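Here's the structure we're looking at; comments come further down.
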Amino acid sequence: MSEISKAYEPQSVEAKWYQFWLDQNCFTADPARVSESRPAYSIVIPPPNVTGVLTLGHVLNNTIQDILARKARMDGKEVLWLPGTDHAGIATQNVVEKSLKKAGEIKHRNDLGREALVARIWEWKEKYGGIILQQLRALGASCDWTRTRFTMDPEYSRCVSRVFVDLYKKGHIYRGKRMVNWCPASLTALSDEEVIMKEQKGFLYHFKVEVVGSTPASGVAVGAPADGSGRAASSTRSIAADGASAAAPGAGAVPTFLTIATTRPETIPGDTAVAVNPKDPRYAHLIGKHVVRPLPVELPREQKLIPIIGDEHVDFEFGTGVLKVTPAHDKADFEIGQRHKLPVVEVIEADGKMNALAGQDLNGLDRFAARKIAVEKLKELGALEKEEPYTNNVGFSERADVPIEPRLSEQWFLKYPRVTQSKACVAQPGSAPASGADSGVPPESLSARGFSISANVAARSPVGGTPTGAGETPALPEKMQFYPERWAKVYDHWMTGLQDWCISRQLWWGHRIPVWRKEWSGKKPDRTMEGLSVEVLQAELNFENAAKVSFSREPGSESWIRFDNEFKTCFVATWSPAEEQKLVQLGFTQDPDVLDTWFSSWLWPFATMGWTDDKSQDSNNPTLRAFYPTTDLVTGPDIIFFWVARMIMAGYEWMGEMPFRNVYFTGIIRDKQGRKMSKSLGNSPDPLDLINQYGADALRFGIMRSAPQGQDLLFDEQSVELGRNFCNKLWNACRFRQMQSSASASAPGVPPGGTLEQSSGAGSESGSTRRDAGGTTEGTATFEFEADIQTSLLTSDDKWILLKLNAAIREVTEALNGYRFNEAANALYRFFWSEYCDWYVEATKAVLQLPDDPSNPRVAARKQNTLAVMDFVLSNTLRLFHPFLPFITEELWQGMGFNGDLPKDQGGDTIMFARWPKPFDPEFRDFYALDDCYLER
RNA sequence: GGGCGCUUGGCGCAGUGGUAGCGCAGCAGCUUUACACGCUGUGGGUCGGGGGUUCGAAUCCCUCAGCGCCCACCA
């Protein structure tokens with residue numbers, strides 16, 4: 001830093017230092033270095049979609065992870081921050097399909113076919129995938145890039161298959177024909193979590209249907225009572241009960257009508273019953289009779305008779321109290337259908353278009369167009385009684401953003417494993433004594449060791465760990481800690497009502513389900529199953545459980561076989577290539593579906609570390625042994641169910657241990673007006689632009705300073721500006737020091753640095769370990785603070801700033817231990833700007849500007865001492881800042897000639913491994929002659 | 001229908017029992033030899049409403065209201 005510029009110019013330093021860190025392998029984790037004195041610290045990145053580009057959400061998320069990782073390095077830990085990307089099934093397939101369509105190459109994915117499309121997606125992935133990881137480098141993310149993983153790496157895919165087969169054999173995975181959430185745009189099933197409920201304005205259509213099989217006499221009894229729900233009863237007069245007295249002029253019986261309310265008239269052709277509550281006095285007597293379904297119009301009346309059934313599910317307060325039952329297109333209706341053995345008539349196809357069973361008027365129409373036509377038809381028939389504006393919740397496909405269609409289809413389902421254990425492992429608010437993190441450092445009066453304990457260790461070990469770290473803590477079962485804690489309740493609630501997980505997707509991009517199948521024709525499977533062994537025939541006896549077989553007879557190759565009588569199909573699950581080959585030879589075909597993306601990402605914490613499902617191998621895997629369970633997970637609360645909860649279950653199931661000790665949930669980034677960031681609103685600034693304009697440190701600091709724990713964050717570019725200004729302040733404060741240096745008689749260029757920690761390390765003999773001031777310590781591994789500061793010459797200003805520094809160290813450390821990043825950032829800001837710059841630097845000017853007087857050596861000594869204090873404060877400040885502002889601190893660290901605490905060949909020439917400062921030990925109060933009055937100030 | 005969060009000066013937020021703070025914006029000055037991405041000074045809030053506990057409440061309790069999020073098979 002020979003020529004220091006007037007303003008900090010991030011562009012000229014960021015790339016340089018990032019490359020420097022890479023060249024020095026500063027980010028690389030080595031499990032061999034882990035030891036008692038060098039504990040492991042690990043984070044796995046929430047893998048962004050391969051198609052992703054950096055958003056402010058990523059900036060927030062990854063800055064936090066980087067702060068944690070860099071802080072842990074400075075605490076002397078062996079740090080693994082493992083990066084990677086997610087194949088993101090639907091999203092990626094959509095993106096590539098769209099781009100191919102746009103380029104005019106294809107009209108439909110079938111034009112290419114499965115293999116070719118998948119090949120194209122891989123091509124695309126190699127070319128454009130992982131841009132986001134590149135962008136993270138610009139942010140300063142200190143990931144161990146040598147361990148970058150992708151959820152579809154061969155090794156990772158193997159984990160997915162193994163896990164599937166394992167669950168299959170344990171009976172957790174089954175195949176079933178069920179109502180699922182179907183996305184008519186992506187043409188695949190979705191899990192419940194992928195459905196987003198949205199309020200939709202529509203209409204509640206009331207239409208009447210004629211009841212047949214009733215006699216006028218019986219119909220009389222049922223009036224439309226004015227009690228209960230007024231709107232239902234009075235407005236619709238549900239049954240034309242007065243029909244009898246009306247003495248219909250027509251021939252034959254007087255018709256009786258029921259009025260039904262529906263939001264989906266287009267599904268009428270699929271109705272196979274009308275349901276009422278058996279306890280409803282208005283309708284109960286009609287159960288067993290039939291009604292005439294109005295649609296399709298052209299169908300003869302006799303073919304449209306559907307029964308009136310009684311079912312408890314019907315709420316007679318709602319609508320007219322009469323429910324049309326469409327088992328094929330509504331989840332609740334399907335269940336009613338099951339209970340009453342109703343036929344299932346599908347009138348909507350997979351793509352959301354009506355089919356022939358819907359009748360000629362609707363056939364081929366999109367479901368929403370069909371709705372309009374259906375209403376018209378009802379009008380024409382005189383059946384429509386009214387249309388009532390109505391708002392209801394409709395499920396939308398998360399990815400395609402179209403209303404999902406409940407649809408009956410055959411899918412693979414998973415009964416979640418380890419639910420009880422996973423539910424119990426997370427500390428609930430108020431349940432456990434929230435130790436460590438918030439209790440912080442005890443007051444001054446505490447005995448000597450109070451301050452110097454690594455608060456990090458204490459705080460991060462979830463339960464117990466008192467700050468003194470003495471072994472007196474009872475060995476309570478270790479709990480996982482959520483930050484903020486309230487998310488634990490959300491988690492708990494979800495874990496309580498778990499439904500089986502639909503894990504199959506009708507897509508091409510993803511992990512193909514490792515199941516091969518073959519149907520049989522006769523009563524028993526064995527006739528068509530050539531090559532099946534004796535074990536299989538035994539297995540055949542038990543259709544419930546999977547049996548272990550080996551088709552290929554190769555050692556280690558095994559399959560799990562299961563017979564399904566209902567579908568007359570034999571299913572074989574295997575992850576062994578030899579078995580696959582043999583199965584194909586035997587005429588088996590692989591299941592065409594792929595697995596839900598989350599079925600691979602729930603293995604992320606260990607599948608990325610080379611897990612194999614082979615206990616002997618895994619216990620010899622140094623990475624897994626050193627870094628699993630991971631320490632912290634940083635993610636958004638929006639994927640607490642998708643990802644976090646499932647990782648916990650997977651962690652217990654296959655590793656026997658929770659996957660992480662702490663989970664930090666960030667807030668969601670919104671714009672100034674509180675709206676979500678979105679491409680269509682154009683309110684989502686490109687972080688790279690911000691980095692170019694203000695610098696990565698500015699962006700990091702700005703966003704961290706305005707991100708309260710777990711609260712949504714309203715992003716304002718001004719906060720980044722503030723970050724830039726702050727960097728500039730830091731820059732100039734160091735510049736000021738540099739200018740003094742050259743003006744004074746002190747050792748030029750390389751002012752010694754030091755940490756409070758070393759001072760404290762010198763302990764009680766510190767007085768005797770003092771060395772003479774001067775540059776004699778250059779080039780050695782460590783510096784002694786007291787070598788450069790003469791206590792006897794400390795002014796009250798010097799003492800004051802030393803104590804403020806001490807307070808800042810304590811404050812920042814505690815805030816970071818409690819994951820209160822904005823507090824830490826604020827403390828740094830306040831300390832450096834308001835205390836160091838505004839007061840201390842200004843105060844020093846009086847001293848530093850004293851004219852040199854050879855006859856009075858005390859003047860020079862005082863100046864020298866002031867500079868030593870400055871160096872001390874600055875070097876410790878840079879350490880404190882480094883996790884937040886990695887680039888500028890490295891630049892200044894090097895430029896000021898500060899040295900780390902390790903020899904150069906061990907990373908001593910970078911601030912990255914400089915020790916995190918620790919507050920004074922109490923005895924140092926005496927050493928520096930720091931009176932209590934300074935402590936108060 | 002349940003659950004959770006938020007409501008503090010113009011804007012965004014800190015502040016969990018002891019006389020209201022920060023940043024931005026505002027206003028008045030400043031070519032002060034680190035920094036105008038700066039410095040000095042200054043105006044502005046009865047802490048959503050109501051009730052309670054307390055010597056004392058933005059801070060604890062109750063209640064109401066508004067906004068937001070999550071969960072839930074009312075057609």
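For clarity, every value in this text was computed on a predicted model and none was experimentally measured. Lettering follows sequence order; numbering is per chain, from 1.
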*Base partner of C27(B), which must satisfy Watson-Crick or wobble distances under 3.5 Å*: G41(B)
*Hey, does the side chain of Trp833(A) come within less than 4.0 Å of C37(B)'s phosphate (OP1/OP2), counting only N and O?*
no
_C1' spacing across the pair C69(B) / G23(B), given as an integer number of angstrom_ = 27 Å
_Proximal nucleotide (of G23(B), A34(B), C73(B)) relative to the Ala733(A) side chain_ = A34(B)
*Do His493(A) and C70(B) share a donor-acceptor pair, side chain to base, under 3.5 Å?*
no
*asked:* What contact category does Arg705(A) fall into here, base, sugar-phosphate, or nothing, at under 4.0 angstrom with non-hydrogen atoms?
replied: sugar-phosphate
*Could you tell me whether Arg486(A) contacts a base, only the sugar-phosphate backbone, or nothing, with contacts defined as non-hydrogen atoms closer than 4.0 Å?*
sugar-phosphate
*Spacing of Leu323(A) atom CG relative to A75(B) atom P, expressed in whole Å*: 10 Å
*If we call it a pair only when both distances are under 3.5 Å in a Watson-Crick or G-U wobble match, what pairs with C69(B)?*
G3(B)
*Within this structure, what is the CE-to-P distance between Met197(A) and C73(B), rounded to whole angstrom?*
8 Å
*asked:* For a quick check of understanding: with a heavy-atom distance under 4.0 Å over all strands, which category does Val325(A) fall into, base, sugar-phosphate or nothing?
replied: nothing
*asked:* Both distances below 3.5 Å, Watson-Crick or wobble geometry, any strand: find the nucleotide opposite U46(B).
replied: none
*Do NZ/NE/NH1/NH2 and the carboxylate oxygens of Arg339(A) and Glu312(A) come within less than 4.0 Å?*
no
*Kindly say if Tyr491(A) contacts the phosphate of C70(B), meaning a side-chain N or O under 4.0 Å from OP1 or OP2.*
no
*Kindly say if Lys489(A) contacts the phosphate of C4(B), meaning a side-chain N or O under 4.0 Å from OP1 or OP2.*
yes
*Could you give the distance separating C39(B) and U46(B) at their P atoms, to the nearest angstrom?*
30 Å
*Asn728(A) has a side chain; which of A75(B), A34(B), C37(B) sits nearest to it?*
C37(B)
*If you round to the nearest 0.5 Å, how far is CE of Met870(A) from CZ of Arg737(A)?*
7.5 Å
*Quick one: which of C35(B), C39(B), G23(B) gets closest to the side chain of Asn732(A)?*
C35(B)
*Pick the C1' atom in G15(B) and in G3(B), then give their distance to the nearest Å.*
27 Å
*Measure from the side-chain heavy atoms of Val314(A) and tell me the nearest of C37(B), A75(B), C4(B).*
A75(B)
*Say you pick atom C1' in C24(B) and the same atom in G38(B); how far apart are they, in whole Å?*
16 Å
*When you get a sec, tell me which of C70(B), A75(B), A34(B) is the closest nucleotide to the side chain of Asp315(A)?*
A75(B)
*Of all the choices, G5(B), A34(B), G15(B), which nucleotide is nearest to the side chain of Arg735(A) once you look at every atom?*
A34(B)
*In whole angstrom, what separates Ile640(A)'s CD1 from G3(B)'s P?*
18 Å
*Mark yes or no for a side-chain to base donor-acceptor pair under 3.5 Å between Lys6(A) and C35(B), with no hydrogen or angle criteria applied.*
no
_Distance check, C1' atoms only: U19(B) and C13(B), in whole angstrom units._
23 Å
*Using the P atom in both, what is the distance from A20(B) to C4(B), to the nearest Å?*
32 Å
*Listed nucleotide nearest any side-chain atom of Asn725(A), set A72(B), C37(B), A25(B)*: C37(B)
*Write down the distance between CZ (Phe726(A)) and P (C24(B)), rounded to a whole number of angstrom.*
13 Å
*Counting heavy atoms from C-beta on, name the nucleotide in C73(B), C24(B), G23(B) closest to the side chain of Gln718(A).*
C24(B)
*With RNA chain B as reference, determine whether Glu823(A) or Cys837(A) sits nearer its 5' end, using the nearest nucleotide of each.*
Glu823(A)
*Phosphate oxygens OP1/OP2 of C39(B): is one of them under 4.0 Å from a side-chain N or O of Lys729(A)?*
yes
*Have a look at Gln499(A) and say if it touches a base, only the backbone sugar-phosphate, or nothing, with a 4.0 Å heavy-atom cut-off.*
nothing
*Nearest-angstrom distance, P atom, C61(B) to G21(B)*: 25 Å
*With heavy atoms under 4.0 Å as the rule, sort Asp333(A) into base, sugar-phosphate or nothing.*
nothing
*Expressed in angstrom and rounded to an integer, what is the separation of Gln428(A) atom CD from G3(B) atom P?*
16 Å
*Side chains of Tyr483(A) and Arg820(A), donor plus acceptor under 3.5 Å*: no
*Less than 4.0 Å between a side-chain N and a carboxylate O, is that true for Asp271(A) and Arg293(A)?*
no
*Take atom NZ of Lys324(A) and atom P of A75(B), then tell me their distance rounded to the nearest Å.*
13 Å
*With no hydrogens and no angle check, do the side chains of Tyr8(A) and Asn732(A) hold a donor and an acceptor under 3.5 Å apart?*
no
*State whether Arg178(A) and Asp500(A) are salt-bridged, where the test is any N-O pair (Lys NZ or Arg NE/NH1/NH2 against Asp/Glu carboxylate O) under 4.0 Å.*
yes
*Hey, can you tell me if Phe821(A) and Tyr664(A) have their rings parallel, tilted or perpendicular (30° and 60° cut-offs)?*
perpendicular
_Spacing between Ile668(A) atom CD1 and C67(B) atom P, to the nearest angstrom_ = 19 Å
*Using the C1' atom as the reference point in each nucleotide, state the distance between G29(B) and A36(B) in Å, no decimals.*
14 Å
*Would you call Asp401(A) and Lys198(A) a salt bridge, taking side-chain N to carboxylate O under 4.0 Å as the test?*
yes
*Give me the ring orientation class for Tyr836(A) and Phe831(A): parallel if the planes are under 30° apart, tilted from 30 to 60°, perpendicular past 60°.*
tilted
*Expressed in angstrom and rounded to an integer, what is the separation of Asp638(A) atom CG from C70(B) atom P?*
9 Å
*asked:* For U33(B), give the paired nucleotide (Watson-Crick: N1-N3 plus N6-O4 or O6-N4; G-U: N1-O2 and O6-N3; both under 3.5 Å), or none.
replied: none
_Let's see if you can work this out: which of A34(B), C73(B), C39(B) has an atom nearest to the side-chain heavy atoms of Ala332(A)?_
C73(B)
